[in-house]
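Structure record follows, encoded as structure tokens.
Note that the numbering runs from 1 along the sequence shown for the chain.
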Amino acid sequence: MKVFRFFLISASLLIAALRAGAQDPNFHIYLCFGQSNMEGNARIQPQDLEGISDRFRMMAAVDFPQMGRKMGEWYTATPPLCRPGNGLTPADYFGRTLVENLPENVRVGIIHVAIGGCHIETFLPDSIDNYVKNRAPQWMKGMLAAYDNDPYGRLITLAKKAQKDGVIKGILVHQGESNTGQRDWPQQLKRVYDNILHDLDLQGEVVPLLVGEVVNADRGGICASMNEIIDRVPQTIPQAHVISSSGCSVNFDLLHFDAAGYRELGRRYAATMLRLLGYPAPEGPRGWNAAQESHIVHPDGRVTFNYQAPGAREVSLSGQFQDRDVPMTRNAEGIWSVTVKPPKADIYPYNFIVDGVRTQDPNNMQLFPNEQFKASLLEMPDKDALYTLNDVPHGRIQYLNYKSSVLGLDRPLVVYTPPGYEKGNKKYPVFYLVSGTTDTEETWFKVGKVNLILDNLIARGEAVPMIVVMPYGYMMNGTPSPTSMAAVEMYETFSKELTQCVMPFVEANFRTIPKRESRAIAGFSRGGGQSIFTAYSHPDKFAWLGSYSAYLTPEMLDTCFPEVARTVAGMKLMWFGVGTSDFLYRNVLDHQAYFDARGIPYEKMFTEGGHTWMNARTYLAETLRKFFK
């Protein structure tokens, strides 16, 4: 018996010695499984085919006839890694990053089994038969057949073969989109992980599970709610480590990452694994401390907004593209996100509400000029929009100051001169454009985009080249309600300021045509009321009038302009625009009715929407097409 026992021990030691001789402890092997984002959905680009080290290997999980690869053999890990026809995956840059940061005597190998659209049950031996027969859609059948309808079995078979060559160091998974909302997904994943450890005789303490998040909410991910479940996996699997997808760029479908996103996600898998191996992790190209992107406009018109506030209890989004505030959700990095779809491409003010306090978007440099709260601006790209910066001749914006004898102050002024103004001696008509209550002299430039709108209209031949003068409308004596006769004093002060201070300064410093037929005035909200009052007060100075969401009351007209019909008789254009949901809509109708009763002609425009700068830009463009023609 002692001899027999000695023989058994000796044989075991001999087998172990032979096995150890064949197995290279410096060949680190990683198993990769999951669904389409692990399979590889992004187009492989030239940079992804260059500089791949021979130390980065892949064991083909299927035959690749066109690449000369046979299942079960090792090759340099040139993409595609999963199956013929697949794209870039996180595994590509996971392996590249490892070999770049591990000692030169260490090689890295991966075994890659993934099926687009599959559920986690696909990797459970007791569920796969039923899944293939009863749940798998027809388009998935071919992918399953590539693994003999047993992807888990293929992974284990190849892993056992790989164990003869090296040491399994970790397991990577990216799956969950097809199980979105399934609260027991971590338990299902644990079953897969435990099966792998058992079937390969591995120890979880030394073979961690790296679990990648799906496309993040901060990129508008349509399955992003699954990340809340994925982030809890370490509570079920202590050896698991979650790989954040926050900030990883995405494909237009908001389900898959794009090539840059896969590269970044792969580097993050690698950074986690390097730390677990005891090596320093490199900082990725994006940088772990990079500023959070303000907002992301997706190709389908949806917009993802982000706000970083790890300590906030609740954050919501407020914007003029929606009728109520929308709650945002927080990811593992403390970034609050929400994806919404504005009704159309435009420029919209928005802000965040953080624990009840309004705040700007700290990562958006485009702000709404205002005397009070300065909202952030969402500018949606639209090649057909007049506010788009096109390849046309551009005018020039100047910031100026002038002395006000009316107010006894230095006052700001923004002036637009049309394309070609600096090159000649031509004189131009002047358009005085006034912004609304609490707005500033910058608002028509930065929110109204008058410069770009006029550049584009001039280039199309739809507008006359003109100088645009944008004064600051606040007269330092309050802003009474336009329904009150108290507003008359404010209107009168503005009229004096414009005609006695602004106009002389402009005509002394710019080449203007100093005739009433070559002067127009218009404004939005309070600026519209100021424009109406000024034009009616000085019919000898203005022949063109535009009112955007503004009016004068019948009482004010009777008191200040008792002969209004005669006053406006020489006007070449009186134009009134208002939105049907504007809180001033009825007042504007009353103003128009006053003219209708007296047979005074004018032009009008009604639009959908309220008292917004989206409507103001529409009215601006309409009147720019009409002035000085």
E264/R268 ion pair, N-O < 4.0 Å: yes

Pair E73 + K161: basic N to acidic O under 4.0 Å: yes

Greater than 12 external heavy atoms within 6.0 Å of K344's NZ: no

D300, CG: over 12 other non-hydrogen atoms inside 6.0 angstrom: yes

[X] [atom1] to [Y] [atom2] distance, which is reported to the nearest 0.5 Å:
{"X": "D258", "Y": "L88", "atom1": "CG", "atom2": "CG", "answer": "10.0 Å"}
{"X": "K169", "Y": "F27", "atom1": "NZ", "atom2": "CZ", "answer": "13.0 Å"}
{"X": "L367", "Y": "N364", "atom1": "CG", "atom2": "CG", "answer": "6.5 Å"}
{"X": "Q187", "Y": "I237", "atom1": "CD", "atom2": "CD1", "answer": "8.5 Å"}
{"X": "K133", "Y": "I128", "atom1": "NZ", "atom2": "CD1", "answer": "11.0 Å"}
{"X": "N101", "Y": "M273", "atom1": "CG", "atom2": "CE", "answer": "13.5 Å"}

Aromatic centroids of Y193 and Y152 separated by under 6.0 Å: no

Sub-6.0 Å ring centroid separation between Y131 and H119: yes

Verify, without hydrogens or angle tests, whether [X] (side chain) and [Y] (backbone) share a donor-acceptor contact under 3.5 angstrom.
{"X": "D63", "Y": "M71", "answer": "yes"}
{"X": "T76", "Y": "T78", "answer": "no"}
{"X": "H174", "Y": "E213", "answer": "yes"}
{"X": "Y307", "Y": "V354", "answer": "no"}
{"X": "N456", "Y": "L452", "answer": "yes"}
{"X": "R617", "Y": "V447", "answer": "yes"}
{"X": "D148", "Y": "D150", "answer": "no"}
{"X": "Y269", "Y": "V173", "answer": "yes"}
{"X": "R330", "Y": "A312", "answer": "yes"}

R358 to F373, cation-pi by 6.0 Å centre distance and 45° axis angle: yes

Is there a side-chain contact between [X] and [Y], using heavy atoms and a 4.5 Å cut-off?
{"X": "H241", "Y": "P234", "value": "no"}
{"X": "I296", "Y": "N306", "value": "yes"}
{"X": "V108", "Y": "S53", "value": "no"}
{"X": "I347", "Y": "Y387", "value": "yes"}
{"X": "F123", "Y": "V113", "value": "yes"}
{"X": "I196", "Y": "F33", "value": "yes"}

Donor-acceptor pairs are to be reported for all side-chain atoms of residues 374-381 against protein atoms at under 3.5 Å, with residues two or more places apart or in another chain.
unit_1 : atom_1 : unit_2 : atom_2 : d
K374   : NZ     : N370   : O      : 2.8
K374   : NZ     : Q372   : O      : 3.3
S376   : OG     : D361   : N      : 2.8
E379   : OE1    : K449   : NZ     : 3.4

Test side chain to side chain contact (heavy atoms under 4.5 Å, CB included) applied to S225 and T180, step by step: CA-CA 7 Å; S225 62; T180 297; 3.5 Å; yes

Pair F56-Y30, ring pair (Phe, Tyr, Trp, His ring centres under 6.0 Å): steps then yes or no: CA-CA 11 Å; F56 180 26; Y30 296 89; 9.7 Å; no

Angle between ring planes, [X] versus [Y], binned at 30° and 60°: parallel, tilted or perpendicular?
{"X": "F305", "Y": "F352", "result": "perpendicular"}
{"X": "W613", "Y": "F368", "result": "perpendicular"}
{"X": "H295", "Y": "Y350", "result": "perpendicular"}

What closest approach, in Å, do [X] and [Y] show between heavy atoms, and which atom pair accounts for it?
{"X": "I120", "Y": "Q188", "result": "CG2-CB, 3.8 Å"}
{"X": "L200", "Y": "A159", "result": "CD1-CB, 3.5 Å"}
{"X": "N227", "Y": "S245", "result": "ND2-OG, 4.0 Å"}

Non-neighbouring partners of P186 that pass side-chain contact (heavy atoms from CB on, under 4.5 Å), sequence neighbours left out: I229, V233, T236

Option among Q163, K160, H28 that satisfies the side chain to side chain contact (heavy atoms under 4.5 Å, CB included) test with I168: Q163

Derivation of the salt bridge (Lys or Arg N to Asp or Glu O under 4.0 Å) call for R55 and E104: CA-CA 8 Å; R55 293 167 50 214; E104 291 187 1; 6.0 Å; no

Residue pair S249 / R219, side-chain donor-acceptor N/O under 3.5 Å: no

CA sep, side-chain torsions, deciding dist, call: D54, R107, salt bridge (Lys or Arg N to Asp or Glu O under 4.0 Å): CA-CA 8 Å; D54 288 339; R107 295 180 298 153; over 6 Å; no

Chi angles and distances behind the side chain to side chain contact (heavy atoms under 4.5 Å, CB included) call for W336, T329: CA-CA 5 Å; W336 296 77; T329 57; 5.6 Å; no

Kindly list each side-chain donor-acceptor pair under 3.5 angstrom involving residues 36-47, sequence neighbours excluded, with atom names and distances?
unit_1 : atom_1 : unit_2 : atom_2 : d
S36    : OG     : H256   : NE2    : 2.8
N37    : OD1    : F257   : N      : 3.3
N37    : OD1    : Y262   : OH     : 2.5
N37    : ND2    : E177   : OE2    : 2.8
N37    : ND2    : L255   : O      : 3.1
E39    : OE1    : G116   : N      : 3.3
E39    : OE2    : R83    : NH1    : 3.2
E39    : OE2    : R83    : NH2    : 2.5
E39    : OE2    : G116   : N      : 3.2
Q45    : OE1    : R263   : NH2    : 2.9

